[in-house]
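The structure under discussion appears below in the form of C-alpha cells.
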Amino acid sequence: MDIRHFDRAALSAENSWSQRLLPWPTLNAPFEGAQSVIRAGSSSPRHAHHEYEIFVAVKGEAWIESRGERLPFVAGDIVHFPPGHEHQVINDTDTDFEMFSIWWDTDMTRVFSTRHESEA
C-alpha cells in the first residue's frame, strides 16, 4: 500500500489552492490528478486545455460554469469537461469547497501502456 497525503497547510494562492497528488513514482496511471480547495467567496481560474477532465465534489457547495451554463456543484457530484471546454468553479458560500480533479490525454495513455508492458 502506498498513500499520498493531502497537505492543506501547503496550499496557497500561488498553487491555486491545489495539491497535485497523481502521479507518483510507484503509481502507473493513464491520468493525473489534484485535490483543490476553493476558498469561501472565491473561484478557481477560468481555463480550458487539451486534456479531458472530471471534477469530483468532495465537500461543500459551489457552482460550476462552462460554456455559458452555471449549475450547482455539491459533494458527491461529478462533472466532465471535454478538451477545449472552458470551465470554472465559483464558491459564493461562507465555507470552503473541496474537490478532486482528474485529467488525461492520449499521450498519458501511451506512457501508461508502455510502462505497463515493460513491467509485465
Side-chain angles (χ1 to χ4, degrees):
M1 184 179 323
D2 191 7
I3 298 174
R4 292 281 304 257
H5 295 283
F6 182 47
D7 182 5
R8 285 176 177 76
L11 301 179
S12 69
E14 290 76 41
N15 61 17
S16 298
W17 303 100
S18 294
Q19 179 185 350
R20 196 169 237 194
L21 293 171
L22 301 170
W24 69 83
T26 60
L27 172 68
N28 183 29
F31 50 83
E32 296 181 11
Q35 180 82 9
S36 300
V37 176
I38 312 301
R39 299 288 184 209
S42 70
S43 61
S44 68
R46 181 178 299 277
H47 67 286
H49 37 73
H50 75 277
E51 297 98 347
Y52 294 86
E53 186 169 36
I54 60 172
F55 289 170
V56 180
V58 175
K59 180 180 174 186
E61 300 178 9
W63 295 95
I64 194 86
E65 272 190 13
S66 181
R67 298 192 141 192
E69 189 174 17
R70 184 175 180 158
L71 297 171
F73 190 44
V74 300
D77 290 350
I78 299 175
V79 62
H80 169 253
F81 303 105
H85 282 229
E86 191 173 80
H87 49 278
Q88 180 179 36
V89 178
I90 300 152
N91 181 1
D92 61 4
T93 73
D94 59 358
T95 60
D96 290 348
F97 175 78
E98 294 188 24
M99 62 179 232
F100 195 84
S101 56
I102 301 167
W103 60 94
W104 65 96
D105 64 13
T106 55
D107 288 336
M108 289 178 207
T109 302
R110 275 193 287 277
V111 169
F112 165 78
S113 294
T114 300
R115 185 174 173 192
H116 176 73
E117 301 238 345
S118 71
E119 292 174 349

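What you see is a predicted model, and the numbers here were worked out from it, not measured in a lab.
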Can you give me every donor-acceptor pair (side chain of residues 48-55, partner residue at least two apart or in another chain, under 3.5 Å) with its distance?
residue, atom, partner, partner atom, Å
His49, ND1, Glu51, O, 3.4
His49, ND1, Glu51, OE1, 3.1
His49, NE2, Glu53, OE1, 2.8
His50, NE2, Asp105, OD2, 2.7
Glu53, OE1, His87, NE2, 2.8

Let me check something: any side-chain donor-acceptor pairs from residues 18-27 under 3.5 Å, sequence neighbours excluded? List them with distances.
residue, atom, partner, partner atom, Å
Ser18, OG, Ser16, O, 3.3
Ser18, OG, Ser36, OG, 2.5
Gln19, OE1, Asp7, N, 2.6
Gln19, NE2, His5, O, 3.2
Arg20, NH2, Glu32, OE1, 2.8
Trp24, NE1, Asp2, OD2, 2.7
Trp24, NE1, Thr26, OG1, 2.7
Thr26, OG1, Asp2, OD2, 2.2

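Residues passing the ring-ring contact (aromatic ring centres under 6.0 Å, His included) test with Phe112, sequence neighbours excluded: His116. The salt bridge (Lys or Arg N to Asp or Glu O under 4.0 Å) check on Arg46 picks up Glu65, Glu86, with sequence neighbours excluded.
Cluster membership for Val56 and Val89, using ILVMFWY side-chain heavy atoms within less than 4.5 angstrom, is not shared. Transitive grouping of hydrophobic side chains (ILVMFWY, heavy atoms separated by less than 4.5 Å) keeps Phe97 and Phe100 in distinct clusters. Both Trp17 and Phe6 belong to a common hydrophobic cluster when Ile, Leu, Val, Met, Phe, Trp and Tyr are linked at side-chain heavy-atom distances under 4.5 angstrom.
The heavy-atom pair separating Pro30 from Thr109 by the smallest distance is CB-CA, 4.2 Å. A pairwise comparison of heavy atoms in Phe73 and Ala57 identifies CZ-N, 3.6 Å as the closest pair. For the pair Trp103 and Ala34, the tightest heavy-atom approach, listed with the atom from each and the gap, is CZ3-N, 3.7 Å. Looking at every heavy atom in both residues, Ile38 comes nearest to Asn91 through O-ND2, 2.9 Å.
Summarising the hydrophobic clusters (Ile, Leu, Val, Met, Phe, Trp, Tyr; side-chain heavy atoms under 4.5 Å, direct or chained), the residues clustered with Ile3 are Met1. Residue Ile90 is found in a hydrophobic cluster whose other members, listed by chain and number, are Trp63; membership requires side-chain heavy atoms under 4.5 Å apart, directly or through intermediates.
With hydrogens and angles disregarded, a donor-acceptor distance shorter than 3.5 Å links the side chain of Asp96 to the backbone of Ala40. Proximity of a side-chain donor or acceptor of Thr114 to a complementary backbone N or O of Val111 within less than 3.5 Å is not detected.
Within the model, atoms CE of Met99 and NZ of Lys59 stand 15.5 Å from one another, a figure rounded to the nearest 0.5 Å. Residue Glu69 holds its CD atom at 11.5 Å from NE2 of His85, rounded to the nearest 0.5 Å.
Surrounding CD of Glu61 are at most 12 heavy atoms belonging to other residues, nucleotides or ligands under 6.0 Å away.
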